[in-house]
Amino acid sequence: MSTGNFIKDIINEDIRTGRWYGRVATRFPPEPNGFLHIGHAKSICLNFGIAEQYSGICNLRFDDTNPVKEEQKYIDSIKEDVSWLGFDWKDREYYASDYFGRMYECAVKLIKKGKAYVDDLSQEKIKEFRGTFTEPGKKSPFRDRGTEENLELFEKMKNGEFKDGEKVLRAKIEMTSPNLNMRDPVMYRILHTAHPRTGNEWCIYPMYDFAHCLEDSIEEITHSICTLEFEDHRPLYDWFLEELGLHHPQQIEFARLNISYNVLSKRKLGLLVSEKKVEGWDDPRMPTISGLRRRGYTAASIRDFASRIGVAKANSTVDTALLEHCIREELNKTADRVFAVLDPLKIIITNYPEDKSEYFEVENNPEDSASGTRELKFGREIYIEREDFMEAPPKKFFRLAPGRESRLKSAYYIKCNEVVKDSSGSIKELRCTYDPESRGGDTPDRRKVSGTLHWICAPGAVNITVRQYDRLFTRENPDEAEDFRLCINPDSLAVNKECMAESSLKDIEPGKRVQFFRHGYYIADIKDSKKGKPVFNRIVSLKDTWAKIVKKEGS
RNA sequence: UGCCGGGUCGUCUAAUGGUAGGACGACGGCCUCUGGAGCCGUUUGUGAGGGUUCGAAUCCUUCCCCGGCAGCCA
């Protein structure tokens, strides 16, 4: 399925010309300041996928250069997510912080070359001196300090002799460059903050532009794949490695993923978590890898999605329907069908003996002959789905109604004779008769019936909790809203605790995925589901033609 | 409007001077003991104008539109 893309074109050309002696080395370099989302999954699949395809390697590298924002718990979650997605970085688990010593040496080298200097300007002044898009920047008065003084000052920065923000180390490039990134970018800032891994060893930390190219270089990466917003930084990436005369990977930028009705930025997802709009990073509504996992998406379906969306340089927004298609396609083949009635309506089969019960054999998955069958108990009192009955059905309603006959899947045909209502007029139960001739779900005369319904035998039915998830946002592009939080879908979660299901679900293993017949695919929640007290998450609904008809006629 | 980068069906993505194709969606049909699945079919696209060429999505040119960039974030 995987199509060619412009990055593979570049790699193929490099292999043809022997640029890297046939070697391919990529890396996935997350900053551990949040949980990974499906946009990262795209990058993970790309980087690890390329390494796999070209018999190369892909490193997992934590870009931990800003201790103010980074935490060990994020490192742990990232490792879990990448691994769950099905990728193995072997022993190549690297950290930018492991290179701090070497980076420091590189900075000293640049100072000695006259290519870096310690600046005393305040943050505000640096900003002011940088100029704007249309005006060139101005040189800092500290720009021409002597090498010895710079060396001494930089060492003092390292030794903690200055306060946060008092001084920075800057690259000496060109204050009039049309590319603002080249106007003497900051290389090091002072941060008296403990680092999750290096503790208090350092109080100066390298900035992304200086650090990242060195990380890639040290690891002898060949193709450094990143997102479009770093395009303007490439000249800097190249400048540092050129000035330092180091191994020089090629930076290649591609468009980050956007999915309709979603936000895909760590900052915004973090706000949903910190403001308790969702229950956590792994809330099943979140497009995080942990959220999708908990929702019930499989790693294979996410990898399939990543291969289908392709890789390009043009900004784009992928339709949520494609992700849903990927998981439906997989689960249709692999998930066992079970009966669950989400909104029960009781039926008394008046001509069925009160003391009788029997069992019917039902196939587990018509798409998988190896999945076998199971026995389902049947009796005089059953539940069907409330929406499978209508007192005054419209033309296209093909289910049970007064005087109409429907098939109970794999059991009998039943005919509705009487509608019993309570004092408020709402339907309490149905009185039906069954046709003994239809045993197993078919009659000798092969007569047509009005639909096939799933059902649950009332005695023995188990109560289950079902969480019906819907899209988290009501707007196709929440990023375009004044505030993305204002278009959160108030109905993104509906919990139904009154559902009834066949007895086999009582002790379902948490994490197991099934199809609720005629409803959709569900997973026994890995955190909240307990044997004997199952809780299900709706992964994705079945495609629902009837719902579409209703919607069309209604509008 | 400084610099950088982009514009191909509704959406995503191929075609690298030689029949504009695929996937998802939508629509229609067939089939069906899931209004599911499956099968078949339909629809719609090269941002605009010039030029080069036997032939242009592709090369040249002018224009239009969209995105990114002014953190001591990554």
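Just so it is clear, the values below take in all heavy atoms, side chains as well, and ignore hydrogens, waters and symmetry mates. Just so you know, these numbers come straight off a predicted model, no measurement behind them. So you know, we letter chains A, B, ... as the sequences are listed, proteins then strands, and number each from 1.
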[atom1] spacing across the pair [N] / [M], given as an integer number of angstrom:
| N | M | atom1 | value |
| --- | --- | --- | --- |
| B/C60 | B/G2 | P | 23 Å |
| B/A20 | B/A57 | P | 8 Å |
| B/U53 | B/G47 | P | 23 Å |
| B/G7 | B/U13 | P | 9 Å |
| B/C24 | B/A37 | P | 11 Å |
| B/C69 | B/A74 | C1' | 14 Å |
| B/C54 | B/C12 | C1' | 35 Å |
| B/A26 | B/U44 | C1' | 10 Å |

A correct 5'-to-3' footprint of nucleotides 68-74 of chain B, with B, S and - meaning base, sugar-phosphate only and no protein heavy atom under 4.0 Å, is BBBSBSB

Output the rounded distance in Å from [atom1] ([X]) to [atom2] ([N]).
| X | N | atom1 | atom2 | result |
| --- | --- | --- | --- | --- |
| A/Asp238 | B/C4 | CG | P | 15 Å |
| A/Arg256 | B/G67 | CZ | C1' | 12 Å |
| A/Glu502 | B/U34 | CD | P | 17 Å |

Can you find a side chain N or O atom of [X] that sits less than 4.0 Å from OP1 or OP2 on [N]?
| X | N | value |
| --- | --- | --- |
| A/Lys543 | B/G35 | no |
| A/Lys548 | B/C27 | yes |
| A/Arg518 | B/G35 | yes |
| A/His325 | B/C24 | yes |

Examine [X] together with [Y] and report whether their ring centres are nearer than 6.0 Å.
| X | Y | value |
| --- | --- | --- |
| A/Tyr297 | A/Phe305 | no |
| A/Phe398 | A/Trp546 | no |
| A/Phe6 | A/Phe254 | no |

Side-chain contact check for A/Lys313: nearest option of B/G35, B/G36, B/G5 is B/G5

Nearest to side-chain heavy atoms of A/Ala321, which nucleotide of B/C24, B/G2, B/G5:
B/C24

Salt-bridge contact [X]-[Y] (side-chain N to carboxylate O under 4.0 Å):
| X | Y | result |
| --- | --- | --- |
| A/Lys266 | A/Glu31 | no |
| A/Asp304 | A/Arg308 | yes |
| A/Glu155 | A/Lys158 | no |

Show each protein N/O and nucleotides 8-11 of chain B N/O combination with a separation under 3.5 Å, one pair to a line.
unit_1: B/U11; atom_1: O3'; unit_2: A/Thr317; atom_2: O; d: 3.3
unit_1: B/U11; atom_1: O2'; unit_2: A/Thr317; atom_2: O; d: 3.0

Counting Watson-Crick and G-U wobble pairs only, both distances under 3.5 Å, name the nucleotide matched with [N], or none.
| N | answer |
| --- | --- |
| B/C3 | B/G68 |
| B/U53 | none |
| B/U42 | B/A26 |
| B/C63 | B/G47 |

Please evaluate the base of B/G36 for a donor-acceptor partner in the side chain of A/Glu367 within a cut-off of under 3.5 Å?
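Between B/G36 and A/Glu367, which were checked side chain against base, a qualifying N/O pair under 3.5 Å is present.
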
For the residue pair [X] and [Y], does the interplanar ring angle fall in the parallel (under 30°), tilted (30 to 60°) or perpendicular (over 60°) class?
| X | Y | value |
| --- | --- | --- |
| A/Phe230 | A/His233 | perpendicular |
| A/Tyr104 | A/Phe154 | parallel |
| A/Phe240 | A/Phe210 | perpendicular |

Let me know which of A/Gln468, A/Glu385, A/Arg538 forms a side-chain hydrogen bond (donor to acceptor under 3.5 Å, both in side chains) with A/His519.
A/Glu385

Return the minimal non-hydrogen interatomic distance between A/Asp184 and A/Tyr117, and the atom names on each side.
OD2-OH, 2.6 Å

Apply the syn/anti split at 90° from 0 to B/G29 and say which one it is.
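This nucleotide is in anti.
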
Under-3.5 Å N/O pairs linking protein and nucleotides 40-48 of chain B:
none

Separation between CD1 of A/Ile204 and NE2 of A/His192, rounded to the nearest 0.5 Å:
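So the CD1 of A/Ile204 and the NE2 of A/His192 are separated by 10.0 Å.
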
How long is the gap from CG on A/Asn33 to CG on A/Asn66, to the nearest 0.5 Å?
8.0 Å

Report all interatomic pairs (protein N or O, nucleotide N or O of nucleotides 15-18 of chain B) with separations under 3.5 Å.
unit_1: B/U16; atom_1: O4; unit_2: A/Asp9; atom_2: OD2; d: 2.5

Which residues pass the side chain to side chain donor-acceptor pair (under 3.5 Å) test with A/Asn59, sequence neighbours left out?
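Applying side chain to side chain donor-acceptor pair (under 3.5 Å) to A/Asn59 gives A/Arg92, A/Glu219.
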
Nearest nucleotide by nearest heavy atom, which residue falls closer to the 5' end of RNA chain B, A/Arg407 or A/Ala255?
A/Ala255

For A/Lys313, does the NZ atom sit with more than 12 other heavy atoms under 6.0 Å from it, leaving out its own atoms?
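Yes, the 6.0 Å shell around NZ holds more than 12 heavy atoms from other groups.
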
Could you name each residue pair satisfying side chain to side chain donor-acceptor pair (under 3.5 Å) that touches residues 250-259 of chain A, not counting sequence neighbours?
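Only A/Arg19-A/Gln250, A/Glu229-A/Arg256, A/Arg234-A/Glu253, A/Gln251-A/Glu253 qualify under side chain to side chain donor-acceptor pair (under 3.5 Å).
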
